[in-house]
Amino acid sequence: MGYWLLKSEPDTFSIDDLYSLPNRTDHWDGIRNYQARNFMRDEMKKGDLAFFYHSNCAEPAIVGLVEVIKEAYVDHTAFDPDEYYFDAKSGPERPRWVMVDVKFKQKFRNVVTLKDMKANPLLSEMRLVQKGNRLSIMPISSGEWIKILEMNGESVS
DNA sequence: GCCAACGTTGGC
DNA sequence: GCCAACGTTGGC
């Protein structure tokens with residue numbers, strides 16, 4: 001099983017927004033970066049778990065868990081000129097972008113902040129804590145996954 | 001195919 | 001809001 005980290009700006013789409021949706025499920029749409037897309041398209045599998053990370057906010061942090069419940073399929077929001085993430089180069093005949101479906105699993109009572117992760121030498125290999133990191137979807141090793149859950153101090157069902 | 005210009009990300 | 005880092009674009 002794979003482990004991932006998904007970034008979202010809470011002003012745009014927070015973990016509470018996901019929780020409030022029907023079935024607590026949403027499309028992870030709007031990814032317009034090739035590396036992030038390739039992770040989704042080629043490696044993300046149904047049943048994989050992902051950290052939900054709040055970026056570009058007062059306290060950047062991992063705030064909860066989600067599960068991948070549908071593997072990559074065409075991101076149709078790229079086709080619609082009215083959509084914020086419209087991409088004129090991605091038409092239905094040549095789709096360029098994909099999305100997956102994720103379902104809310106858990107919201108942490110104690111978030112794991114970027115600051116805490118940066119301070120932990122065991123997480124120094126994580127791309128998230130490295131300078132200039134802009135990747136919005138990244139794989140997490142099983143060791144890092146466990147370590148972060150330990151930092152959070154909650155048992156995970 | 002190089003690389004300067006530009007736009008975006010995201011921590012602070 | 002600032003700005004460094006990075007990815008993408010497009011002229012040549």
Side-chain angles (χ1 to χ4, degrees), chain A residues 2-21 26-44 48-66 68 71-102 104-141 143-145 147-154:
Chain A
Y3 297 112
W4 301 95
L5 181 140
L6 304 176
K7 286 185 191 173
S8 188
E9 299 190 16
D11 288 348
T12 306
F13 187 73
S14 72
I15 194 162
D16 293 326
D17 293 329
L18 178 62
Y19 185 85
S20 68
L21 290 174
D26 199 19
H27 328 290
W28 205 260
D29 63 346
I31 299 299
R32 299 290 181 267
N33 167 281
Y34 290 105
Q35 203 174 355
R37 179 203 66 182
N38 294 346
F39 281 135
M40 273 199 297
R41 188 190 59 192
D42 304 334
E43 297 185 44
M44 235 184 236
D48 283 0
L49 296 175
F51 289 130
F52 196 115
Y53 177 82
H54 281 174
S55 67
N56 200 13
C57 55
E59 189 179 56
I62 291 171
V63 296
L65 296 181
V66 299
V68 177
E71 293 177 14
Y73 59 108
V74 170
D75 182 349
H76 56 76
T77 66
F79 305 156
D80 182 351
D82 294 331
E83 284 278 352
Y84 179 74
Y85 292 111
F86 172 66
D87 178 359
K89 291 175 183 159
S90 179
E93 70 291 348
R94 277 185 112 189
R96 177 177 293 199
W97 305 110
V98 300
M99 57 189 176
V100 297
D101 286 358
V102 299
F104 174 92
K105 286 277 286 183
Q106 184 180 8
K107 181 181 176 181
F108 293 164
R109 271 172 306 233
N110 303 307
V111 301
V112 180
T113 64
L114 178 64
K115 192 172 160 225
D116 289 343
M117 289 186 276
K118 281 186 168 171
N120 190 329
L122 295 171
L123 299 178
S124 60
E125 297 295 309
M126 273 181 80
R127 185 148 175 189
L128 184 71
V129 304
Q130 287 166 4
K131 199 178 173 190
N133 153 66
R134 289 171 51 182
L135 192 58
S136 59
I137 295 180
M138 68 184 78
I140 300 287
S141 76
E144 289 161 353
W145 182 268
K147 194 72 217 165
I148 289 166
L149 290 179
E150 284 174 6
M151 290 167 73
N152 154 4
E154 294 178 53

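Every chain is numbered from 1, with letters handed out A, B, ... down the list of sequences.
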Among residues at least two apart in sequence or on other chains, which ones pass side-chain contact (heavy atoms from CB on, under 4.5 Å) with A:Thr12?
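For A:Thr12, the residues satisfying side-chain contact (heavy atoms from CB on, under 4.5 Å) (neighbours in sequence not counted) are A:Glu9.
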
With sequence neighbours left out, write down each residue that passes side-chain contact (heavy atoms from CB on, under 4.5 Å) with A:Ala50, or none if nothing qualifies.
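Per chain and number, A:Ala50 pairs via side-chain contact (heavy atoms from CB on, under 4.5 Å) with A:Trp4, A:Leu6, A:Val66.
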
Taking everything shown except A:Glu83 itself, do over 12 heavy atoms lie less than 6.0 Å from its CD?
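Yes, CD of A:Glu83 has more than 12 neighbouring heavy atoms, counting only those of other groups under 6.0 Å.
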
Among A:Phe79, A:Tyr85, A:Phe86, A:Tyr34, which residue meets the ring-ring contact (aromatic ring centres under 6.0 Å, His included) test with A:Trp97?
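Running ring-ring contact (aromatic ring centres under 6.0 Å, His included) over A:Phe79, A:Tyr85, A:Phe86, A:Tyr34 with A:Trp97 returns exactly one hit, A:Tyr34.
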
Nearest-nucleotide wise, let me know which of A:Arg96 and A:Asn56 is further upstream toward the 5' end of DNA chain C.
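Closer to the 5' end of DNA chain C: A:Asn56.
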
Considering heavy-atom distances to DNA chain C, does A:Arg32 or A:Lys131 have its closest nucleotide positioned more toward the 5' end?
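With A:Arg32 and A:Lys131 compared, the 5'-side residue is A:Lys131.
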
What is the first contacted nucleotide of DNA chain B and what is the last, in 5' to 3' order, if contact means an atom lying under 4.0 angstrom from a heavy atom of chain A?
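First and last nucleotides in contact are B:dG7 to B:dC12.
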
Determine the sole option in A:Leu65, A:Ile15, A:Val63 for which the side chain to side chain contact (heavy atoms under 4.5 Å, CB included) test with A:Phe108 is passed.
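So, applying the side chain to side chain contact (heavy atoms under 4.5 Å, CB included) to A:Phe108 and each of A:Leu65, A:Ile15, A:Val63, only A:Leu65 qualifies.
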
Need one value for A:Lys115: base, sugar-phosphate or nothing, where a base atom within 4.0 Å counts as base even if backbone is also close, heavy atoms only.
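Nothing, no heavy atom under 4.0 Å.
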
Has the side chain of A:Asp11 got a donor or acceptor atom that lies under 3.5 Å from a matching backbone atom of A:Cys57?
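Looks like no, no N/O pair under 3.5 Å.
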
Could you pick out which residue, A:Tyr85 or A:Lys118, lies toward the 5' side of DNA chain B when each is mapped onto its nearest nucleotide?
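Of the two residues, A:Tyr85 wins.
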
